[in-house]
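To keep things clear, I will list the structure first and then write my remarks on it.
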Amino acid sequence: MNKGNILIKNASEVVTCSGFKAKIGQEMSDLKIILDGAVVIEEGMIKAVGKSNKILENFKEKDYQVIDASGKSVLPGFVDSHTHFVFGGYRAEEFCWRLSGISYMDIMQRGGGIVNTVKATRAASRKELYDKGIKRLNSMLSLGVTTVEGKSGYGLNYETEIKQLEVMDELDRTHSIEVVKTFLGAHAVPEEYGGEEDKFIDYIITEVLPVVAEKKLAEFCDIFCEKNVFSVEQSKRLLLKAKEMGLGLKIHADEIVQLGGAELAAELGAVSAEHLLQASDRGIKEMARAGVVATLLPGTAFSLKEPYPKARYMIDKQCAVALATDMNPGSCFTESIPLIFALATIYMNMSAEEAVSALTINGAAALNREKTVGSIDVGKKGDISILEFPSYKYISYHLGVSCVEKVIKKGKIVFDKERKGEKIC
Ligand code: NIG
Ligand code: FE
């Protein structure tokens, strides 16, 4: 029985992304690569990392499951720090409406969008949500993801918000991927509130948030701060309460309209602000000063045909940038890490190195996990992706296709492309 003891040797490179905090500015370009590298994992934790010859002098191969990674690149498992992967139903119809020119917000104004998924998620059984969740996590795992954030927000009432969070909790316990839960009860105003946003925020604050906090059903609280959804004032009111109750803060900020979400994230000391397609320069500078991670979601900009966020400006202004999929049934139905790499490097002018930092250590920082995952450092969890190519440079270069050959989670191989069809996670 493998207790999570693995020795990876002869890797053409070990891309360590070494560090225990978010990388900013120039730091994002330095992947701290060890050529001809090796990694030792014991009982699920990284025990040693270095040149293969040195490691093999100090550790006996017979004590480990040995992986010969000749000609392969070894990276930290990817951290997808923004998704909405637990939901009922699909919205393929709406996607086609958008192709014909109707905007995402127009669809929402006409009673479609998020509330459509709310109906389907309210109607779905826990088992249905769980089974779909497992499938989606399996797909993410095969793309190299070892930690994922999942948001509620398709219940918009006590029963279904709790149901979504509890399903994610069960997925976290049963699947190899670690699932970090975020409460997004204020994702839209449900139909039964007839557009009364303040009343709905009161309901979330008094009836749902205290239970989420008390039962520790989520680590973070998020809100869709957007024109015609929730204002900056409403967002502040909810997030201050969530902070008081011990939750970390996230904000869907300045996605479609420049509303001041970035500034609010800085003011409240949020862990991250997300989307930021329209964030102001001032807001970006304030986020950098306050240490708020900018979680950028190029798949959403691509899918909505919106302008991409100003990643270069953010990095130049010393803002820590993370990248994530935003996997959800409306604005961006994809779990594709290769797509995110391609869009970030080709359209957002991020370098291949910056994109790797954004999907590893900075993704971890967006989830308050920079001390435990996101890099190959002694003492961190043994979460690793092994590519079928010798360099991380192939990730964006092999457009839209996954280069991941093996995934290791806490020292166990949980995905192996060569063992097709076998269930190992
Ligand atoms: O991050 N912008 C708000 N929320 C999601 C979309 C959710 C949906 O359309 O179902 C997002 O893009
Ligand atoms: Fe989102």
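Read the numbers this way: they start at 1 and go in the same order the structure lists the ligands and their atoms.
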Atom 11 (C) of ligand 1 has as its nearest protein heavy atom Asp326 OD2, 3.2 Å

Part of Glu226 with heavy atoms under 4.0 Å of ligand 1, whether side chain, backbone, both or neither:
neither

Quick one: look at His84 and ligand 1, take heavy-atom pairs under 4.0 Å, and tell me if it's side chain, backbone, both or neither.
side chain

Run the numbers for me: atoms of ligand 1, each under 4.0 Å from some heavy atom of Glu255, listed by number.
2 (N), 3 (C), 12 (O)

Working to the nearest 0.5 Å, report the span between OG of Ser231 and CD of Glu233.
4.5 Å

Can you list the ligand 1 atoms lying under 4.0 Å from a non-hydrogen atom of Ile114?
7 (C), 8 (C), 9 (O), 10 (O)

Near Tyr104, which atoms of ligand 1 are under 4.0 Å from a heavy atom of that residue?
6 (C), 7 (C), 8 (C), 9 (O)

Which of the atoms in ligand 1, numbered in the order shown and given with their element, are less than 4.0 Å from a heavy-atom of His82?
1 (O)

Identify the residue among Lys417, Lys72, Lys406 that makes a side chain to side chain donor-acceptor pair (under 3.5 Å) with Glu388.
Lys417

Under-4.0 Å heavy-atom contact with ligand 1, by part of Tyr154 that carries it:
side chain

Can you name the atoms of ligand 1, numbered from 1 with element, that are less than 4.0 Å from a heavy atom of His187?
3 (C), 4 (N), 5 (C), 7 (C)

Side chains of Leu238 and Cys221 in contact at under 4.5 Å (non-hydrogen atoms):
yes

Report, as yes or no, whether the 6.0 Å neighbourhood of atom NZ on Lys132 holds more than 12 heavy atoms from other residues, nucleotides or ligands.
yes

What residue and atom, counting heavy atoms only, is the protein's closest point to atom 1 (O) of ligand 1, and at what distance?
His275 NE2, 2.8 Å

Could you count the protein N, O or S atoms found under 2.8 Å away from the Fe ion (ligand 2)?
4

Could you list the donor-acceptor pairs under 3.5 angstrom formed by side chains in residues 199-207, with sequence neighbours left out?
residue, atom, partner, partner atom, Å
Asp202, OD1, Arg237, NH1, 2.8
Asp202, OD1, Arg237, NH2, 3.3
Tyr203, OH, Tyr158, N, 2.8
Thr206, OG1, Asp202, O, 2.8

Test salt bridge (Lys or Arg N to Asp or Glu O under 4.0 Å), reference Asp169, set Arg126, Lys163, Lys181, output is Lys181

Which residue supplies the protein heavy atom nearest to atom 12 (O) of ligand 1, what is that atom called, and how far is it?
Ser331 OG, 2.6 Å

Residues in salt bridge (charged side-chain N to carboxylate O under 4.0 Å, His left out) with Arg282, at least two apart?
Glu286

Mind jotting down which residue pairs meet the salt bridge (charged side-chain N to carboxylate O under 4.0 Å, His left out) criterion with at least one end in residues 349-358? Sequence neighbours excluded, please.
Arg312-Glu354

Less than 4.5 Å apart, any side-chain heavy atom of Ile384 and any of Ile6?
no

Just to verify, which of Tyr154, Phe87, Phe230 counts as forming a ring pair (Phe, Tyr, Trp, His ring centres under 6.0 Å) with His187?
Tyr154

Row check, Tyr104 ring normal vs Lys305 NZ/CZ: under 6.0 Å, within 45°:
no

